[in-house]
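Single-structure report; data block below.
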Amino acid sequence: MTDHVIVTDDGAIRIVRLNRPAKKNALTDQMYEALAESLESAAVSKTVRCIVITGGAAAFSAGGDLQDFLYAAQHEGLRPQAMRFLHRLPHAGKPLVAAVQGVAVGIGTTLLLHCDYVVAAIDAHFSTPFVHLGLVPEAGSSLLVPRLMGTRRAFELLVMGRPLDADEAKALGLVNAVVPAGEVEMEAMKAARQIAALPPEAVAAARRLIRGPTAEVVKRIDEEAEIFRMRIKSTEAKAAFEAFLTRKG
């Protein structure tokens, strides 16, 4: 696995740490691959009962890596590594807990829709600027966000790209608990231990009932990916990326 994703097991808890602080944990193809592998192996593990996904103090994840986006714009759209991870999210098999500090952009926000418990720092911010880049939402978010917060708030988040602070994210149901930054991982591990102490078969059965069939979510992920593939080659997307690069330059 890449050093940008560090996977450790603490008893029955698997800790998956995004570790690319210089790029605010922007996800590369290699990181997507490592994330998918960590979830796949946890799903079949007889010892892992819960998974904690965390980042760093300044960023949970700034979303997809810009260079990979630019490559995708010139080639086939979403890469196989990203799709492997997106498909694994609804099939995680084990409860997912997220510990969010700093920024959560794009996939950094949408992956939280597949988590069962989310702890956020007071200063955490969530945003999904897909449409600003001429793109469309991913990770099944066009299905899951309206279910969570209604179509108008979903439009505000996914289309208008208005960010949420931690308290807003909690009020809308995206986050379970908001705590001081220095306590985020501690609270996430506390929740993970509580989950891991429960009867695992009962947890799995209840989780399946709560989340419902995965087929609809996977179908939406594929539909989003197909439109994403077309959009990333569009004139609007190319202009948005050029403008972004100009601002960064």
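We use all heavy atoms of the structure for the numbers below, so side chains are in, but hydrogens, waters and symmetry mates are not.
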Let me check something: do [X] and [Y] share a hydrophobic cluster, defined by ILVMFWY side-chain heavy atoms less than 4.5 Å apart, either directly or through other members?
| X | Y | answer |
| --- | --- | --- |
| Tyr117 | Leu39 | no |
| Ile195 | Leu96 | no |
| Leu174 | Val118 | yes |

Any sub-3.5 Å donor-acceptor pair from [X]'s side-chain atoms to [Y]'s backbone N or O?
| X | Y | value |
| --- | --- | --- |
| Glu168 | Asp165 | yes |
| Lys170 | Val178 | no |
| Lys94 | Ser45 | yes |
| Glu224 | Gly140 | yes |

Return the [atom1] to [atom2] distance between [X] and [Y], rounded to the nearest 0.5 Å.
| X | Y | atom1 | atom2 | value |
| --- | --- | --- | --- | --- |
| Phe228 | Ile221 | CZ | CD1 | 13.5 Å |
| Ile6 | Ser38 | CD1 | OG | 12.5 Å |
| Glu156 | Arg152 | CD | CZ | 11.0 Å |
| Ile13 | Thr47 | CD1 | OG1 | 11.5 Å |
| Ile53 | Ser61 | CD1 | OG | 10.5 Å |
| Leu89 | Leu113 | CG | CG | 9.5 Å |

- Query: Which ILVMFWY residues are connected to Val105, directly or by a chain of links, through side-chain heavy atoms under 4.5 Å apart?
  - Reply: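 ILVMFWY cluster around Val105 also holds Val103.
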- Task: If you link ILVMFWY side chains whenever their heavy atoms are less than 4.5 Å apart, which other residues fall into the same cluster as Val159? By chain and number, please.
- Result: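 For the cluster that includes Val159, the remaining residues are Val131, Phe155, Met160.
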- Task: Would you mind checking if Lys219 and Glu216 are paired as a salt bridge, meaning a charged N to carboxylate O distance below 4.0 Å?
- Result: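 No.
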- Run the salt-bridge test on Arg231 and Glu236 with the 4.0 Å N-O cut-off and return the result as yes or no.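 Glu236 and Arg231: salt-bridged.
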- Item | Pairs flagged by side-chain hydrogen bond (donor to acceptor under 3.5 Å, both in side chains) wherever residues 98-110 is involved - sequence neighbours left out |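 Sorted pair list: Thr110-Glu138.
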- Item | Arg20/Thr28 under side chain to side chain donor-acceptor pair (under 3.5 Å): CA gap, chis, key distance, verdict | CA-CA 10 Å; Arg20 197 186 179 208; Thr28 63; 5.3 Å; no
- Might you work through the side chain to side chain contact (heavy atoms under 4.5 Å, CB included) test for Leu158 and Ser141, ending with a clear yes or no? CA-CA 8 Å; Leu158 295 177; Ser141 57; 4.1 Å; yes
- Just do the side chain to side chain contact (heavy atoms under 4.5 Å, CB included) check on Val217 and Leu143 with the steps written out, would you? CA-CA 7 Å; Val217 179; Leu143 175 70; 4.2 Å; yes
